[in-house]
Undergrad: 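Quick one: the structure is below, and I'll ask about it shortly.
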Amino acid sequence: LLERSTAGPLDALHAGLWLVKARRHSEAEPHLTSFATQFPECVECQLALADCALQQGRAKDAIDRVSSLNTLTNWRN
């Protein structure tokens, strides 16, 4: 999906979320990372990336993702 010139950021997010739901975390991560680079404030994307990290045994990365959500919620309020 990322190689298609017509694919937009929301396409990457949706593909990543569907792949996470299908438990295909290693395939989901590039799509979600692409979206998170453009929209780091997207909580749903950050949680999905944390889930990918946990499922691949990278607890530190998951903690960093979830910790960033605390910063985002403080910024929003």
Side-chain angles (χ1 to χ4, degrees):
L1 178 67
L2 290 177
E3 291 85 30
R4 295 184 66 195
S5 61
T6 59
L10 285 177
D11 295 321
L13 174 64
H14 293 153
L17 292 175
W18 277 105
L19 288 165
V20 167
K21 185 170 176 68
R23 298 187 177 274
R24 294 165 57 184
H25 297 92
S26 61
E27 293 176 63
E29 200 162 14
H31 298 288
L32 295 169
T33 301
S34 170
F35 186 83
T37 300
Q38 298 174 50
F39 302 97
E41 69 281 357
C42 179
V43 172
E44 188 173 22
C45 184
Q46 296 296 338
L47 286 173
L49 281 166
D51 185 26
C52 288
L54 277 177
Q55 296 302 321
Q56 295 176 44
R58 298 187 336 260
K60 170 93 171 80
D61 292 344
I63 291 168
D64 291 343
R65 291 279 176 190
V66 173
S67 295
S68 76
L69 296 177
N70 186 37
T71 303
L72 289 173
T73 56
N74 288 338
W75 176 76
R76 284 185 179 175
N77 293 330

Undergrad: Can you list everything that forms a side-chain contact (heavy atoms from CB on, under 4.5 Å) with Asp61? Sequence neighbours excluded, please.
TA: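 With sequence neighbours excluded, Asp61 shows a side-chain contact (heavy atoms from CB on, under 4.5 Å) to Ala53, Arg58, given in chain and number order.
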
Undergrad: Does any pair with a residue in residues 42-52 pass salt bridge (charged side-chain N to carboxylate O under 4.0 Å, His left out), and if so which ones, sequence neighbours excluded?
TA: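 Counting only pairs at least two positions apart or across chains, no salt bridge (charged side-chain N to carboxylate O under 4.0 Å, His left out) contact touches residues 42-52.
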
Undergrad: Measure the CD-OG distance between Gln46 and Ser67 for me, rounded to the nearest 0.5 Å.
TA: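 OG of Ser67 is found 11.0 Å from CD of Gln46.
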
Undergrad: Please check this pair: side chain of Ser34 against backbone of Pro30, looking for a donor-acceptor N/O pair closer than 3.5 Å.
TA: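 A pair under 3.5 Å: no.
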
Undergrad: Who clusters with Ile63? Use side-chain heavy atoms, under 4.5 angstrom, across I, L, V, M, F, W and Y, and order the result by chain and number.
TA: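 The other cluster members (ILVMFWY side chains, heavy atoms under 4.5 Å, direct or chained): none.
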
Undergrad: Taking all non-hydrogen atoms of both residues, which atom of Ala62 and which atom of Ala50 are closest, and how far apart?
TA: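 Nearest pair, atom of Ala62 first, then Ala50: CB-O, 3.5 Å.
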
Undergrad: Members other than Leu13 in its cluster, when Ile, Leu, Val, Met, Phe, Trp, Tyr link by side-chain heavy atoms under 4.5 Å?
TA: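 ILVMFWY cluster around Leu13 also holds Leu10, Leu17, Val20, Leu32, Phe35, Phe39, Leu49.
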
Undergrad: Only counting residues at least two apart or in another chain, list the ones meeting salt bridge (Lys or Arg N to Asp or Glu O under 4.0 Å) with Glu27.
TA: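 Checked Glu27 against salt bridge (Lys or Arg N to Asp or Glu O under 4.0 Å); matches are Arg24.
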
Undergrad: Could you tell me which non-hydrogen atom of Ala12 sits nearest to which non-hydrogen atom of His31, and how far apart they are?
TA: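 Closest pair (atom of Ala12, atom of His31, distance): O-CB, 3.3 Å.
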
